Participant: 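Just dropping this structure here.
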Amino acid sequence: MNKKQKRNLIRIVISAVLIVLIGQLELAPLPRLAAYLVPYLIVGYDILYKAGHGIVRRQPLDECLLMAVATLGALALAIYEDGDYTEAIAVMLFYQVGEWFQSYAVGKSRRDITELMDIRPDYAQVERGGRLVRVAPDEVAVGTILTVAPGEKVPIDGVVTDGTSTLNTVALTGEGLPRDVAPGDEVLSGCVNLSGVLHVRTTKEFDESTASKILELVEDASSRKSRAEQFITRFARVYTPAVVGAAALLAVLPPLVSLLALGTAPAWGTWLYRALTFLVVSCPCALVISIPLSFFAGIGGASRAGVLVKGSNFLEALADIDTVVFDKTGTLTKGVFEVTAVHPETIPEKELLHLAAHVERFSTHPIAASLRSAYPGEADGCTVEDVEEIAGQGVHARVNGHTVCVGNAKLMDGLGAAWHPCEKTGTIVHVAMDGVYMGHIVVSDVVKPHAAAAIEALHAQGIHHTQMLTGDNRATAQEIAQELGIDAYECELLPADKVERLEALLKEQRGGVAFVGDGINDAPVLARADVGIAMGAMGSDAAIEAADIVLMDDDPLKISVARRIARKTMRIVRENIVFSIGVKILVLFLCAVGLANMWAAIFADVGVMVLAVLNAMRALFAGGREA
């Protein structure tokens with residue numbers, strides 16, 4: 001609890017104790033009133049002040065005015081009738097209990113998110129004059145070498161130049177498993193260095209780094225309101241003056257009818273009591289507080305799971321989608337070439353990789369890099385000489401005195417080597433030695449580990465249609481779609497074609513359409529979709545800026561996690577709307593006909609608000625199993 005919450009809790013406890021103690025005393029009417037005014041003012045002075053301040057500023061119709069009018073009116077009735085001031089003070093007391101509970105719940109939710117997102121670095125360490133100096137991160141230029149000691153946050157995105165260590169990435173990705181890094185690995189700001197000293201060369205300015213962008217997204221999220229929140233705002237504007245007018249009519253109209261039309265006693269006190277009770281019930285606190293809190297908690301729960309939602313409107317839209325469209329490279333696949341199959345003819349697989357890696361030793365082509373990665377024992381003492389690259393065909397070199405050629409089918413045809421095609425999809429790298437065909441290696445983009453599970457999870461959640469849009473050839477697209485269980489695919493598309501296909505889907509589908517992508521060429525499609533979802537850690541800056549939701553660890557399975565959170569949040573919002581309005585309408589009717597007293601009004605106001613806030617807080621933990 002903060003100081004204000006502690007102070008308010010003390011006021012509530014003191015007032016409650018005083019009410020009990022005064023109730024045990026035998027006092028004359030005037031001292032009794034004076035005694036009860038003490039706990040009333042202790043617990044309610046701020047509400048009275050806010051009500052008066054609202055009247056002065058010509059913004060009177062809020063819950064503070066309703067509470068002030070209802071409690072002061074109840075005190076006046078108690079003076080007129082029986083001197084029982086307990087109900088009047090109880091209204092103010094329990095209202096403050098509800099307000100305190102709501103304040104504590106919101107504060108706890110904010111603290112949970114703040115602690116989770118406590119990734120903004122306080123300083124960066126650079127070496128100057130032979131010693132380490134702490135400087136402000138926003139003063140560090142791109143290309144500066146930083147020193148990150150164990151226990152410190154990585155202040156700016158960069159690449160490790162020296163040192164090995166383990167990083168805690170939970171604040172960025174939501175994953176508790178530490179990540180090992182070594183020279184050449186990329187590190188993101190906000191990660192915590194757990195073990196060794198790292199030297200990092202910065203690749204971005206501080207304002208463009210991951211930590212800064214995450215904090216900016218979280219801070220901006222509250223400004224984008226959902227349709228449900230906008231409805232509650234409009235509802236409160238109309239509802240509050242309507243119920244004040246209804247309460248005034250309830251206090252005046254029935255007594256006048258009794259007096260003028262029926263000729264009976266007007267019973268002013270009875271109808272005034274009912275009108276005041278009506279006012280207490282009518283406070284829209286449960287709706288006004290619990291609906292924004294539900295979305296706030298849902299966004300917080302998503303951030304804990306490594307999913308950044310830029311606003312409650314996007315959380316609401318995500319819950320309504322029934323079609324998810326995927327980019328392929330970098331989204332469903334890793335976006336890097338790897339050796340996926342080795343098919344030798346007369347030599348072992350390891351030897352075939354050995355020959356290919358040596359011939360491609362000096363090439364910078366991505367396929368060459370994948371061949372070298374597949375055979376890590378490249379420095380084995382073999383002699384490699386006379387390396388020559390043949391444009392559009394491949395490379396040949398002398399390896400331990402043998403002429404080895406590595407390349408495509410055209411290179412094999414030129415050698416007269418009897419190669420044969422491969423049934424697997426990917427880039428086929430043929431290998432021949434001294435003119436004799438040795439076999440071939442398949443190099444292709446690799447499907448992400450959770451990609452198939454992501455599609456299956458979305459289908460299980462009721463997504464009716466999944467589709468992949470890619471610039472790759474038909475054979476590759478077909479194989480990926482079949483392997484992952486995607487409903488449809490379109491291939492050999494340019495960025496403009498993707499926008500065109502998405503436009504067609506938006507017209508065809510009855511529900512919302514989400515697009516998931518990571519590249520700079522995906523930015524137009526992300527911006528056009530009902531919900532744009534970007535891969536955060538590996539995604540381009542343009543894609544992240546254009547997207548509505550960012551997956552921080554590039555795991556496509558997090559799409560189903562984000563949708564589960566969105567659906568649960570919206571279910572909680574609907575529960576709170578129905579429960580709050582339903583109870584209020586029921587108790588308002590009972591108050592109007594005299595079947596509910598001030599205690600029922602207290603439950604309909606404070607009790608409903610507390611229950612709605614408790615229900616809203618469930619959204620903070622919506623990343624787990626769907627309830």
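For the numbers below, each heavy atom of this structure counts, side chains included, while hydrogens, waters and symmetry mates do not. Keep in mind the model is a prediction, meaning the values are calculated, not measured.
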Participant: What distance separates Lys6 NZ from Ile10 CD1, expressed to the nearest 0.5 Å?
Facilitator: 8.5 Å
Participant: So, Ser258 side chain and Thr264 main chain: donor-acceptor pair closer than 3.5 Å or not?
Facilitator: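 Side chain of Ser258 to backbone of Thr264, a donor-acceptor pair under 3.5 Å: no, none is there.
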Participant: Output yes when a side-chain donor or acceptor of Asp487 lies under 3.5 Å from a complementary backbone atom of Thr466, and no otherwise.
Facilitator: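 Checked: pair present.
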Participant: State, to 0.1 Å, how close Ala302 and Val309 come at their nearest heavy-atom pair, and which atoms those are.
Facilitator: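 Looks like CB-CG2, 4.0 Å.
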Participant: If I compare all heavy atoms of Asp46 with all of Gln96, which pair ends up nearest, and what's the gap?
Facilitator: OD1-NE2, 2.9 Å
Participant: Verify, without hydrogens or angle tests, whether Thr323 (side chain) and Val513 (backbone) share a donor-acceptor contact under 3.5 angstrom.
Facilitator: no
Participant: Give a yes or no on whether a salt bridge exists between Glu500 and Arg528, defined as a side-chain N under 4.0 angstrom from a carboxylate O.
Facilitator: no
Participant: Ile463 and Ile321: which non-hydrogen atoms are nearest, and at how many Å?
Facilitator: CD1-O, 3.6 Å
Participant: What is the minimum heavy-atom distance between Ile533 and Leu526, and which atoms define it?
Facilitator: O-CD2, 3.3 Å
Participant: Can you measure from CE (Met570) to OG (Ser312) and round to the nearest 0.5 angstrom?
Facilitator: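 Reported value, rounded in 0.5 Å steps: 9.0 Å.
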Participant: Can you tell me if Arg11 uses its side chain to pair, donor with acceptor, with the backbone of Ile42 under 3.5 Å?
Facilitator: yes
Participant: Do you know which two heavy atoms are closest between Pro39 and Ser15, and how far apart they sit?
Facilitator: O-OG, 3.1 Å
Participant: Using modelled atom types only, decide if a donor and an acceptor are shared between the side chain of Asn576 and the backbone of Ala612 within a distance under 3.5 Å.
Facilitator: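 Flag set: sc Asn576 to bb Ala612 pair under 3.5 Å.
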